Amino acid sequence: MKHLLSTEDLSSDQAIALLDLADEMALVNEREVKKLPTLRGKTVVNLFFEDSTRTRVSFELAAKRLSADLINFSAKGSSVSKGESLKDTALTLAAGGVDAFVIRHSASGAPFNLAHNGWTNVPVVNAGDGTHEHPTQALLDAMTMRQRLHGMANTRGKNLDGVRVAIVGDILHSRVARSNLHLLKTLGADVTLVAPPTLMPRTEEFAASHSFDFDEVLAQPLDVVMMLRVQSERMNAAFFSNEREYSRNWGLTSERFEKLSSETVIMHPGPMNRGLEICSEAADSPQSAIVQQVANGISVRMAVLYSLISGEHND
Ligand code: CP
């Protein structure tokens, strides 16, 4: 594995190896000195053409905790505003000597272009491209599920065989849903997609159990409910009548949260629209793994950067 562009490219063994390595990185992140010398002398470029809080900060921390040098490139304030292309931006940054690119872009496929168009010869990590994929998010979600469902001390080598996951909300625009669906299937989980009919993709690629009725799905035993953000910025039409109607039908409201088993883990990739797709009682409850997901993002991204740049653990 030279690049990480899609979770579809990961075998079960590769995914589990990355998750096991992320667990080891998590031990480093618990130390007083949260630093390893492993990528000393290497340079990572964070290429962010789209806004981010969690992914950008955690890739930055991951690179720094592995002792790599880091260039944080943001399209805002750069020569992209003068019309400079992705190719020329990448060539310009690569001229300084780069060992890995991390890229977030609003165009689906931009990381694939960067990896395969001959502009650079170094590993490329997809940090979210359009509505396509967000592979490190899916890995940190799987890491969190292993910890919550198998126990913190009992994750090594484990898959997610038979784990029942409902992914709920704006599936149509969600790169998180797509990456999770591929990875969760590879790890053996049983996934149900829940969305309004207008926000449920109809492509073969999304082949999974699906429902338009959140309450019907919640009536079945579930290990994880993953709520998705309503991505208003990607909506060029009215996909539902109004926010109140969306919340009433597809939101994790207080009423639904009260009925949920106390064993069911609540997840959300963030950023959250509190009161729309998830209520604060659920988001801030002990059942919520949302903060744990963010913390795991650092460990997963350390594992990915280490694996790709060092060339170890790739198989
Ligand atoms: N989950 C996620 O990708 O969040 P950011 O957009 O803040 O990076």
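This structure is a prediction, so every number in the text was calculated from the model and none was measured. All values below come from the heavy atoms of this structure, side chains included, with hydrogens, waters and symmetry mates left out. When a residue number appears, it is its place in the shown sequence, counting from 1. Counting starts at 1 for both ligands and their atoms, in listed order.
Protein residues with a heavy atom under 4.0 Å from ligand 1 are Ser52, Thr53, Arg54, Thr55, Arg104, His134, Gln137, Pro269, Gly270.
Listed by chain and number, the hydrophobic cluster partners of Val291 come to none, as no ILVMFWY side chain reaches under 4.5 Å of it.
Ring geometry for His173 versus Phe239: interplanar angle over 60°, hence perpendicular rather than tilted (30 to 60°).
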Between side-chain atoms of residues 38-47 and protein atoms elsewhere (two or more places apart, or another chain), which donor-acceptor pairs fall under 3.5 Å?
from, atom 1, to, atom 2, distance (Å)
Asn46, ND2, Asn72, OD1, 3.0

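Partner of Thr55 under the side chain to side chain donor-acceptor pair (under 3.5 Å) criterion, out of Arg104, Glu60, Gln137: Arg104 alone.
Between Trp250 and Leu199 the shortest side-chain heavy-atom distance does not fall below 4.5 Å.
Residues forming a ring-ring contact (aromatic ring centres under 6.0 Å, His included) with His116 (at least two apart in sequence, or on another chain): His3, Phe112.
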